[in-house]
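Predicted model only: the values in this text are computed from it and were never measured. Every number for a ligand or one of its atoms is a count from 1 in the order of the listing. Hydrogens, waters and symmetry mates play no part in the numbers below; they use all other heavy atoms, side chains included.
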Amino acid sequence: MSIDQLNTDYGIPGHLTFAAGNGGFPMIHIDNGQAKALISVYSGQVLSFQPATETADVMFLSDKAYYAEGKAIKGGVPICWPWFGPDPEGLGRPAHGFVRNRLWNVVATSTTPEGATQVILGLKDTDETRAMWPQIFELAIAITVSTTLTVELITRNLGDKAFPLSQAFHTYFQVGDINRVQVLGLENTQYLDKADGGVEKTQVGGVVATGEVDRIYLDVTNELVIDDSSLNRRIRIKSSGSKSAVVWNPWVTISANMADLDDSDYQRLICVETTNAATDIVEVPAQGEFRLAAIYSVERD
Ligand SMILES: O=P(O)(O)OC[C@H]1O[C@H](O)[C@H](O)[C@@H](O)[C@@H]1O
């Protein structure tokens, strides 16, 4: 659909407009007085979220991100689905599934009675997706922009047998200085240390990065907090439908090796991911659905 047609059908005057962005991808610009946000229709991905009270974006978005068919956009809230991490069946399919690099559809836009702006994007199975993953599905992401950002990913199994699902909001948060950041809420939690051969360990105190961090935390029940003392703020992450969480920072070598990250980007990002990963695999029943949600909010001193 053309940008003009998207604006005619789904634009909300004064609050929500569509424009062609990098790579020609349709982008949704929201500015509703409570916050500004940028959402890519390609990949169904929030790229930017900034409450009116904030001077810095809550999201990290790489200046070197790819905006090209078939590539993932590095930053914001990438959607890993219907598997998190490497192909669970070892068939050589792409890591983190196949919806973070595909054009989604605009399903609906609206303003809530409280003045929040809501966007629903969707994706259905095609010949191409069924060749990779033989399931009949309908996927929707509901993104609600107010003083907080809510993302809810709804998986509907339209087939006649259950399927297993692992997934993530692989969210990239912007931080002022990684050396002055800790992630709270995971104290005494068991985790699989992917940067150390997958060994199971127990978290002691807050999570701080002093090297590569790539961990899957298990049995996560708390709200998580990114305590960023250089930007004087705490980002709160309240999740539902998830019992696991991933914390990732690429540190020096991986940042230098990733073409879509600047060498120094590890200093100003941390991924704290709401997941169904490792032992936290979900089964979506035939004709049933599963909802994964996260609410992101910012507090400052
Ligand atoms: O570069 P990507 O494919 O987006 O993946 C980036 C990272 O995602 C997750 O956090 C994984 O745990 C990491 O092992 C991976 O390197």
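Near Glu273, meaning under 4.0 Å from one of its heavy atoms, ligand 1 places the atoms 9 (C), 10 (O). Close approach of ligand 1 to His170 is summarised as follows: ligand atoms under 4.0 Å from at least one heavy atom of the residue are 5 (O), 6 (C), 7 (C), 8 (O), 9 (C), 10 (O). Taking every non-hydrogen atom of Lys74 and a distance limit under 4.0 Å, the qualifying atoms of ligand 1 come out as 1 (O), 2 (P), 4 (O). Those atoms of ligand 1 that come under 4.0 Å of a heavy atom in His96, given as number and element, are 3 (O), 5 (O), 8 (O), 9 (C).
Between Phe25 and Tyr42, the two ring planes are parallel [angle under 30°; tilted spans 30° to 60°].
No donor-acceptor contact under 3.5 angstrom links the side chains of Ser62 and Asp260, judged on distance only. Side-chain N/O atoms of Asp280 and Ser244 include a donor and acceptor closer than 3.5 Å.
Contacts with ligand 1 closer than 4.0 Å are made by no heavy atom of Arg215, backbone or side chain.
Counting only heavy atoms of the protein, atom 14 (O) of ligand 1 lies nearest to Asp214 OD2, 2.6 Å.
Between Phe163 and Phe137, a ring centre-to-centre spacing not shorter than 6.0 Å is recorded.
At most 12 non-hydrogen atoms from other residues, nucleotides or ligands lie less than 6.0 angstrom from NZ of Lys124.
When the heavy-atom distances from atom 11 (C) of ligand 1 to Lys194, Glu212, Arg100, Met258 are ranked, the shortest goes to Lys194.
Other residues sharing a hydrophobic cluster with Ile120 under the 4.5 Å side-chain heavy-atom criterion for ILVMFWY residues are Val107.
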